[in-house]
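Okay, structure first, notes after.
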Amino acid sequence: MVKDVYDPKAVEKKWQAEWVKRKTFAAADPSDPRPRYYCLEMFPYPSGNLHMGHVRNYTLGDIPARYHRMKGENVLHPIGWDAFGLPAENAAIKNKTHPEKWTRQNIAVMGQQLKALGISYDWDREFATCDPDYYRWNQWFFIKFFEKGLAYKKKAAVNWCPSCKTVLANEQVSAEGTCWRCDSVVEQKELEQWFFKITAYAEQLLEDHDLLRGAWPDEVLAMQANWIGKSDGAEVLFKVQGRPETLTVFTTRPDTLFGATFMALAPQHPLAQALSQTPDKKKKLAELVDLQGARKRNRQGAGEKSGFFLDAYAINPVNQKPAPIWVSDYVLMEYGTGAIMAVPAHDQRDFEFARKYGIPIIEVIQPLIPSPSMGEGKDGGATQQGLPPPPSSPTKGEEGSLTAAYEAEGKMINSGEFTGLPSAEGKKKIGQWLKSKDAGQPTVTYKLRDWLLSRQRYWGTPIPMLTCETCGLVPAAEKDLPVLLPTDVEFTGTGESPLSKSASFLNAKCPKCGGKARRETDTMDTFVDSSWYYARYADPKESKAPFDSARANPWLPVNQYIGGIEHATMHLIYSRFWHKAMRDLGLVSSPEPFQRLLAQGMVTLDGSAMSKSRGNVVDPDAIIEKYGADTARMFILFAAPPTQQLAWSDEGVNGAWRFLSRVWRLVEHVTKALPKGEAPLEAQKKLLRKQHWAIDKVTRDFEPEIQINTAIAAVMELVNVLYLYPMMGDPASKQAVLTVVQLLSPVAPHLMDDLWETMGQEGMASESKWPAADPQWLTADQVEIVVQINGKLRARIQMAPGASKDVLEKEALADPKVQAALAGKSVGKVIVVPDKLVNIVVK
RNA sequence: GGCCCCGUGGUGGAAUUGGUAGACGCGCGGGACUCAAAAUCCCGUGUCCGCAAGGGCAUGUCGGUUCGAGUCCGACCGGGGCCACCA
């Protein structure tokens, strides 16, 4: 029987062993003269088994790693485990085991799966974030941040289950606001919590988008900019009539200051509290707080606004007019100053509130009057000259009253000395005026909030702080790190944090005075672990510091980072912040951690994301078992561009298998055929052109943008040409087949190393030198020139490349088909694009 | 409500960035091999008219710019994502 398929199991086992033996994927020391390339995929949470999303992520990452290695670069391609987190603790509660045991088991399983996929990792650098050798440096960083004022403590609300007496993570609270374990209604409770001052870096995080533009997806940058939420405006100080306080508000529209007819405070605002001393007001205030809480929980946006008058007035600094002070649920304490000046004529929210409670509305911005020539016929003039489009006039209802706020720019009216100014200019002028009168100043605010990192959980990095009876809040001494997680704890899921029940952990000596001290029982958010792991990989065994800058810096920033879009804001902002903080500590010299980012698309089946609850999961192990890792990789890379959704298809997997077998048979033919000579010169030339075209195309598709699907298509074209080649086994065909093997090596590395050996080559395809396209074969000796008449294809003519415009025009006009089509028409302009087309314009 | 993506054959997707629309794969049809099937190899495959040569129509819709538009501009329709009472 003729064997027409290969045996992936044997091949893959053989080469995986060989790679380990030869240390094929070990990164060399940065002092190595070769250029360095650091390729990283977001490390996995050890949840149990790899799913298809993992397979896609790590296969995608393996392409640049293997390609750059073949290009002769010193490649760092590490892997590790994001090992702390809630699921381990939940599993521990459920199975009455320890989170570490569950985690380590999962790491073992998933590590084997990654090895079975043949991802080219430097396994010597592997670590898990739950290793004390790793998390001690989280603690070290925390202390450094604390010393620099980047870590601080303040009260913040947490989800609290009154029946379990425990803090709940957001994902442990149902959509209805109840506890996942006991269904009690979850309350908000104020606790002392640790924060990182990421807001100190808000401006830099935004500004440095300039360094990332083009190398990061626009979508991710847009999401981050949105998240940081910068607004330009002014702070305005209002005196409170008959009281000592000054009310500070933030506005993006200082130009509307004359239209401020009332003030609105957030229910949590200190002045709102101070002005609500009667039992009636206290009750109403509490109701507003509840309204806000409910809306936040249900993720509702704008809606019905309510509030009440506080029986007090604030004095508008521009005209000394008193404005009534209200409190309302539509004002948020956490943004700006928690208080606003309300301009109902020019802000829709203020408008709705004023309407509801009968507060006066004063117009201070007039729409620019559209000129009669605009808005008809040719649109053009206005926008081309950089003028804003004509604004729609405010919508007026009966008796000239407004039906909606006019929020666009315009001309200032009813604004004292500023009347007549365009609003853009008025913004600046009023900002300056406020400053000169000590009544405010131009200012900038951000939506970005400080990073709340306290978790009332066990399975995380202990926060290395102590409270001493005499010295107060003290950081642990560096020599005492790591502050180890205690093992004498129980996991019940109820009661206080497990750490607070371990006496051996809780009671300690003060590092300052040696007196009695109590340890912090909160652990760190796991996003801390993933904020700097990429730097640890560059020097993973260092024991005196998070990493030795001299060894790690040359590898940074990561050249190519690959992972899911779901991390666009959280992880990718936190690690950018952390990197800048590390730079300011003198540990790294680059401004950004990740030079280039690829956000991969989801893997779907039957139109929706694969998930256990939907029951539409395809198990990676089953695919590897049936077809081998090379086929799985091949399918995943070919079926869709990396950034797009990938629809799983069994036929598609089979197609990938067929193609790899086709390449395998090609090698059988080329090595076993006994050629009687060489193919005709024309056939050889055709093959050479295809071969070098494919090299060129694949090389361009691998870098800088990773477009593997079209790269694979190019190799398929070369294979198709080889199958039609008349003298299989002659030197030209052998050479072309070797090219196929090399070009596919990053995609299907096991089979290609095997075929490389079959063809009697030295070493491994994985270690071979990436082929270079010979420019001589990249140009054809005949090019097809398309002849169009009025843009419609009418003929094709064959020409030598490089023909002049005149010659092309003459030849095109002389073509019989063109002649026929031109009969009776007069030729106008003729457009000639050399080596491409001639377009004849006729009337 | 704000911001950002995406609409191309039966299907997954190509298109050198304004220059031959549909590469490559899947599926389907035909042929070769086979007692037969599978596998494999070869050919075909947007759609309509036509025996053919050839021609018309085609990238969500409608306009615009251009010698030329899947690509650029405007409006609309449809799908998706992120943020969301952010002053």
5'-most contact on RNA chain B: A:Ala713 or A:Ile840, nearest heavy atom basis? A:Ala713
Residue met sooner reading RNA chain B from 5', once A:Phe250 and A:Glu219 are mapped to nucleotides: A:Glu219
Below 4.0 angstrom from OP1 or OP2 of [N], is there any side-chain N or O of [X]?
X	N	value
A:Arg794	B:U20	no
A:Lys792	B:A58	no
A:Arg662	B:C24	no

Salt-bridge criterion met for [X] and [Y] (N-O under 4.0 Å):
X	Y	value
A:Glu717	A:Lys697	no
A:Asp255	A:Arg253	yes
A:Glu705	A:Arg700	no

Suppose we screen for side chain to side chain contact (heavy atoms under 4.5 Å, CB included). Which residues come up paired with [X], at least two apart in sequence or across chains?
X	answer
A:Leu822	A:Ile789, A:Leu813, A:Val818, A:Val827, A:Ile840, A:Val842
A:Pro834	A:Lys805
A:Gln819	none

Glycosidic conformation of B:G9, taking syn as within 90° of 0 and anti otherwise: syn
In B:U11, glycosidic geometry as syn within 90° of 0 or anti otherwise: anti
If I take atom [atom1] in residue [X] and atom [atom2] in nucleotide [N], what distance separates them, rounded to the nearest angstrom?
X	N	atom1	atom2	value
A:Leu221	B:C4	CG	P	13 Å
A:Leu332	B:C83	CG	P	16 Å
A:Trp216	B:C5	CH2	C1'	18 Å
A:Leu666	B:C41	CG	C1'	13 Å
A:Arg253	B:A87	CZ	C1'	11 Å
A:Lys447	B:C3	NZ	P	11 Å
A:Glu566	B:C83	CD	C1'	17 Å
A:His269	B:A87	NE2	C1'	13 Å

Paired and unpaired positions of RNA chain B as dot-bracket, Watson-Crick or G-U wobble under 3.5 Å, | denoting a partner strand: (((((((..(((......[....)))((((((.......))))))((((....))))..(((((..]....))))))))))))....
Contact check, residues 714-729 of chain A vs RNA chain B, heavy-atom distance under 4.0 Å, returns A:Met716, A:Glu717, A:Asn720, A:Tyr723, A:Leu724
Qualifying residues under side chain to side chain donor-acceptor pair (under 3.5 Å), relative to A:Arg449, sequence neighbours excluded: none
Applying side chain to side chain donor-acceptor pair (under 3.5 Å), name anything that partners A:Lys836, two or more places apart in sequence or on another chain. none
Same-atom distance ([atom1]) from [N] to [M], integer angstrom:
N	M	atom1	value
B:C51	B:C62	C1'	40 Å
B:U8	B:G13	C1'	9 Å
B:U59	B:C4	P	26 Å
B:G30	B:C67	P	50 Å
B:A52	B:A15	P	34 Å
B:G60	B:G80	C1'	15 Å
B:G25	B:U17	P	25 Å
B:C28	B:G63	C1'	39 Å

Each nucleotide of nucleotides 10-19 of chain B classed B (base within 4.0 Å of a protein heavy atom), S (only sugar-phosphate) or -, in 5' to 3' order, makes --SSS-B--B
Measure from the side-chain N and O atoms of A:Ser733 to the backbone N and O of A:Met728, and report whether any donor-acceptor pair falls under 3.5 Å. no
Residue pair A:Arg576, A:Gln224: steps toward the side chain to side chain donor-acceptor pair (under 3.5 Å) verdict: CA-CA 11 Å; A:Arg576 290 184 60 221; A:Gln224 291 205 356; 2.7 Å; yes
Can you pull the salt bridge (charged side-chain N to carboxylate O under 4.0 Å, His left out) pairs that have at least one residue in residues 638-658 of chain A, sequence neighbours excluded? none
Which pairs, protein N/O on one side and nucleotides 26-32 of chain B N/O on the other, fall under 3.5 Å?
from, atom 1, to, atom 2, distance (Å)
B:C26, OP1, A:Arg658, NE, 3.4
B:C26, OP1, A:Arg658, NH2, 2.5
B:G27, OP2, A:Arg658, NH2, 3.1

Who are the salt bridge (Lys or Arg N to Asp or Glu O under 4.0 Å) partners of A:Asp450, not counting sequence neighbours? none
Which residues pass the salt bridge (Lys or Arg N to Asp or Glu O under 4.0 Å) test with A:Arg794, sequence neighbours left out? none
Indicate, with a heavy-atom threshold strictly under 4.0 Å, whether A:Thr569 touches base, sugar-phosphate, or nothing. nothing
With sugar-phosphate meaning primed atoms plus P, OP1 and OP2, does A:Glu235 contact a base, only sugar-phosphate, or nothing at under 4.0 Å between heavy atoms? nothing
Angle class for the A:His571/A:His567 ring planes (parallel below 30°, perpendicular above 60°, tilted otherwise)? perpendicular
Ring-plane angle category for A:Tyr574 and A:Trp451, please: parallel below 30°, perpendicular beyond 60°, tilted otherwise. parallel
Near-ring test A:Trp648/A:Phe635, centroid separation under 6.0 angstrom: yes
Candidates B:U20, B:A87, B:C67 - which lies nearest the side chain of A:Arg796: B:U20
